[in-house]
J.: 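I am attaching a structure below and will ask some questions about it afterwards.
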Amino acid sequence: MTTMTEASVREFKMPDVGEGLTEAEILKWYVQPGDTVTDGQVVCEVETAKAAVELPIPYDGVVRELRFPEGTTVDVGTAIIAVDVSGGAPAAAPAEQAQAAPAAPAPAAAPAEAVQAEEEAKPPARQPVLVGYGVATTSTKRRPRKGPEVKVPAAAQAVQTELNGHGAPAAVPAESRPLAKPPVRKLAKDLGVDLATVTPSGPDGVITREDVHAAAAPKAAEPAVAAPAPVSAPTAAAPAVPHDGARETRVPVKGVRKATAQAMIGSAFTAPHVTEFVTVDVTRTMKLVEELKQDKEFQGLRVNPLLLIAKALLVAIKRNPDINASWDEANQEIVLKHYVNLGIAAATPRGLIVPNIKDAHDKTLPQLAESLGELVGTAREGRTSPAAMQGGTVTITNVGVFGVDTGTPILNPGESAILAVGAIKLQPWVHKGKVKPRQVTTLALSFDHRLVDGELGSKVLADVAAILEQPKRLISWA
């Protein structure tokens, strides 16, 4: 087996893939130990608090070790993969090493001493953490790793799991602590499952995720124990409880959903929101959408009402530039933006994200259509980069796609206004003195009342409505 030297091994660390992010969860590994990688090759996909991102390796070599399994949250700056850049032969797989090493019986104390010696020989920056225990230099949730030269018999693994961070045996008997990896322990905690009651199905008595889910299902299906009723009160028969599955499911709040929740709480309780509404006849806008679909300048582009609504908002901002600003609490200043990074709220499987079109104010209508198409497509595929969600100035949220008439949107943090667009429906409308069926929608504009007063907010909303009612104003007002 080729021996790795410190000079030939490069450690790729979790990068800061977004401004201010401190950690990321490894979603999927695309390589395994022994694989050859090249500079720029994507080796894994991670999810930050803002988006899912693919990470490329910055050098050529052979993968020697994946430091963390999928599903692990890792601090920025922590090494996640080791690559031998010397061009040597791939190292033997861990399973092959285990088969080649003799598994001679040994007293229970011998494996503990061997593990302790191995732990003391390793550099502090790479100190491993045993299952359920260990000293971590950061808050990273690390997986347990075995040294390549130590073969711990299955019968002695219970002793190994009871070692503390210094390799000393714990006072609690080995049998009292079930064997499970950190992600499985966390899952059990989230589901309220006592690992001591779980029957393991993994190798050497290790509890798996499936074991935890199996233990959680019957527990969730059990009826709650009612408090004793007064003697004088009649006791009703307990209702039947279905036994075909759990009655509750607990989903850990993390990643995009966690960041969104924190941002919305901060926004709602920091910026004083005001929301105004207007209902508008958009029949002419809908006709223009159909005409643009046939225009050769828009061939291959997605043309829909959102395109013209976005352009209408950009024109309204040009006419009322003070709406495009932010509040700097630390310096007690209003920051006026002379550019528009137009955010588009998008619902994705990982939660709500708001990527933005950079310098949208400088784009022609075809360019805006192209940018909108790319933004929406990337978001649906879950490939939106953190950079695409930074620096937004004003946002549009289209709740109409869900058949909703309107809403009171919450400001995206750091922005002063957000426009909600309701469903466009055929409704009776007074047009030229007669009641006729017209395409009608309701717009809602929320704004930060610290820097946007009612007059400014009303002007912006009125301008957007006027443009959608008479889209020729896109030319006369631009």
J.: Is there a donor-acceptor contact under 3.5 Å from the side chain of Trp29 to the main chain of Phe68?
T.: yes

J.: Side chains of Gln332 and Glu329: donor-acceptor distance under 3.5 Å anywhere?
T.: yes

J.: Considering the options Val460, Asn398, Leu461, which one meets the side-chain contact (heavy atoms from CB on, under 4.5 Å) requirement together with Leu419?
T.: Leu461

J.: Do Leu307 and Leu301 make a side-chain contact, defined as non-hydrogen atoms from C-beta onward lying under 4.5 Å apart?
T.: no

J.: Sub-3.5 Å donor-acceptor pair from the side chain of Asp281 to the main-chain atoms of Thr283, do we have one?
T.: yes

J.: Heavy atoms, side chains only, cut-off 4.5 Å: are Ile80 and Phe12 in contact?
T.: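 Sidechains of Phe12 and Ile80: in contact.
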
J.: Check for a donor-acceptor pair, side chain of His361 on one end and backbone N or O of Val340 on the other, with a separation under 3.5 Å.
T.: yes

J.: So do the side chains of Ser416 and Ser326 get within less than 4.5 Å of each other, counting heavy atoms only?
T.: no

J.: Find the distance between CD1 (Ile323) and CG (Leu451) and round it off to the nearest 0.5 Å.
T.: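 Rounded to the nearest 0.5 Å, the CD1-CG separation comes out at 7.5 Å.
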
J.: Working note: Met14 + Leu55, criterion side chain to side chain contact (heavy atoms under 4.5 Å, CB included); need CA distance, chi angles, decisive distance, verdict.
T.: CA-CA 9 Å; Met14 178 69 73; Leu55 299 183; 4.0 Å; yes

J.: So do the side chains of Val31 and Gln41 get within less than 4.5 Å of each other, counting heavy atoms only?
T.: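 They are in side-chain contact.
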
J.: Under the side-chain hydrogen bond (donor to acceptor under 3.5 Å, both in side chains) rule, what pairs show up with a residue in residues 302-311, not counting sequence neighbours?
T.: none

J.: May I have the step-by-step check of side chain to side chain contact (heavy atoms under 4.5 Å, CB included) for Val43 and Val83, ending in yes or no?
T.: CA-CA 11 Å; Val43 295; Val83 176; over 6 Å; no

J.: Does Glu54 pair with Lys28 as a salt bridge, N-O distance under 4.0 Å?
T.: no

J.: Please tabulate, for the side chains in residues 362-379, all donor-acceptor contacts under 3.5 angstrom to protein atoms that are two or more places apart in sequence or on a different chain.
T.:
unit_1, atom_1, unit_2, atom_2, d
Thr364, OG1, Gln367, N, 3.3
Thr364, OG1, Gln367, OE1, 3.4
Gln367, OE1, Thr364, N, 2.9
Ser371, OG, Gln367, O, 3.1
Thr378, OG1, Glu374, O, 2.8

J.: Sub-3.5 Å donor-acceptor pair from the side chain of Thr285 to the main-chain atoms of Leu468, do we have one?
T.: yes

J.: Between Asp35 and Gln32, is there a donor-acceptor pair closer than 3.5 Å when you use the side chain of the first and the backbone of the second?
T.: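 Checking the backbone N and O of Gln32 against the side chain of Asp35, a donor-acceptor pair under 3.5 Å is found.
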
J.: Could you tell me whether Arg380 atom CZ has more than 12 heavy atoms of other residues or ligands within 6.0 Å of it?
T.: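 No, not enclosed.
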
J.: Show your reasoning for whether side-chain hydrogen bond (donor to acceptor under 3.5 Å, both in side chains) applies to Asp211 and Thr208.
T.: CA-CA 5 Å; Asp211 298 334; Thr208 66; 3.1 Å; yes

J.: For the pair Arg67 and Glu65, find out whether any cationic side-chain nitrogen is under 4.0 Å from an anionic carboxylate oxygen.
T.: yes

J.: Applying side-chain hydrogen bond (donor to acceptor under 3.5 Å, both in side chains) to Ser458 and Glu276, what does each step give before you reach the verdict?
T.: CA-CA 7 Å; Ser458 299; Glu276 294 185 341; 2.9 Å; yes

J.: Can you measure from CD1 (Ile344) to CD1 (Ile309) and round to the nearest 0.5 angstrom?
T.: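 Output value for this atom pair is 9.5 Å.
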
J.: Nearest 0.5 Å please: distance from the CG atom of Leu195 over to the CD1 atom of Ile207.
T.: 4.5 Å

J.: Measuring only between side-chain heavy atoms, which start at C-beta, is Leu342 closer than 4.5 Å to Ile396?
T.: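 Heavy-atom side-chain distance check passes, below 4.5 Å.
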
J.: Would you compute the distance between atom OG1 of Thr279 and atom CH2 of Trp429 and round it to the nearest 0.5 angstrom?
T.: 6.0 Å

J.: Taking the side chain as every heavy atom from C-beta outward, state whether His273 and Asp448 have any pair of such atoms under 4.5 Å apart.
T.: no

J.: Between Phe447 and Gly454, which heavy-atom pair has the shortest distance, and what is it?
T.: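 For Phe447 versus Gly454, the nearest heavy atoms are CZ-CA, 4.4 Å.
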
J.: Count the heavy atoms belonging to other residues, nucleotides or ligands that lie under 6.0 Å from CZ of Arg319, then report whether that count exceeds 12.
T.: yes

J.: Looking at Glu290 and Lys287, is any side-chain nitrogen of the basic one under 4.0 Å from a carboxylate oxygen of the acidic one?
T.: no

J.: With Lys425 as reference, evaluate Thr442, Asp405, Thr441 under the side-chain hydrogen bond (donor to acceptor under 3.5 Å, both in side chains) test and give the passing residue.
T.: Asp405

J.: Take Ile57 and Asp39 through the test side chain to side chain contact (heavy atoms under 4.5 Å, CB included) and record every step on the way to the result.
T.: CA-CA 6 Å; Ile57 199 79; Asp39 186 1; 5.8 Å; no

J.: Is the shortest side-chain heavy-atom distance between Leu443 and Val421 below 4.5 Å?
T.: yes

J.: Is there a donor-acceptor pair under 3.5 Å between the side chain of Thr36 and the backbone N or O of Val62?
T.: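 Looks like no, no N/O pair under 3.5 Å.
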
J.: Could you give the distance from CZ (Arg473) to CG (Asp463), rounded to the nearest 0.5 Å?
T.: 9.0 Å

J.: Assess the side chains of Thr408 and Thr275: does a donor N or O sit below 3.5 Å from an acceptor N or O?
T.: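 There is no such pair between these side chains.
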
J.: Work out which heavy atom in Ala82 is nearest to a heavy atom in Val9; give both atom names and the distance.
T.: CB-CG1, 4.0 Å

J.: Run the side chain to side chain contact (heavy atoms under 4.5 Å, CB included) check on Ile353 and Met389 step by step: do they pass?
T.: CA-CA 8 Å; Ile353 63 174; Met389 293 183 285; 3.6 Å; yes

J.: I would like to know whether Arg383 and Glu45 meet salt bridge (charged side-chain N to carboxylate O under 4.0 Å, His left out); could you show each step before the answer?
T.: CA-CA 10 Å; Arg383 303 298 180 186; Glu45 181 182 20; 2.9 Å; yes

J.: Have a look at Glu415 and tell me which of Asn324, Asn356, Thr395 forms a side-chain hydrogen bond (donor to acceptor under 3.5 Å, both in side chains) with it.
T.: Thr395

J.: Could you tell me whether a side-chain N or O of Asp328 sits under 3.5 Å from a main-chain N or O of Asn331, the two making a donor and an acceptor?
T.: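 Yes, Asp328 side chain to Asn331 backbone: donor-acceptor pair under 3.5 Å.
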
J.: Give a yes or no on this: more than 12 heavy atoms of other residues, nucleotides or ligands lie within 6.0 Å of atom NZ of Lys459.
T.: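 No, not enclosed.
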
J.: For the backbone of Lys434 and the side chain of His431, can you confirm whether one donor and one acceptor N or O come within less than 3.5 Å of each other?
T.: no

J.: Is there side-chain contact between Ile418 and Val394, with heavy atoms separated by less than 4.5 Å?
T.: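 SC-SC contact between Ile418 and Val394 ruled out.
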
J.: Quick one: closest heavy-atom pair of Ala417 and Leu445, and the distance?
T.: CB-CD1, 4.3 Å

J.: Is there a donor-acceptor pair closer than 3.5 Å between any side-chain N or O of Arg10 and the backbone N or O of Asp84?
T.: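 No, because the side chain of Arg10 does not come within donor-acceptor range (under 3.5 Å) of the backbone of Asp84.
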
J.: Which heavy atom of Thr384 sits nearest to which heavy atom of Pro355, and what is that distance?
T.: CG2-CB, 3.8 Å

J.: Please report the closest heavy-atom contact between Thr406 and Ala444, naming both atoms and the distance.
T.: OG1-CB, 3.4 Å

J.: Rounded to the nearest 0.5 Å, what separation is found between the OG1 atom of Thr72 and the CD atom of Glu25?
T.: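 CD of Glu25 is found 8.0 Å from OG1 of Thr72.
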
J.: Looking at every non-hydrogen atom in both residues, tell me the closest pair between Lys358 and Ala387 and how far apart they are.
T.: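 In this case the closest contact between Lys358 and Ala387 is NZ-O, 3.2 Å.
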
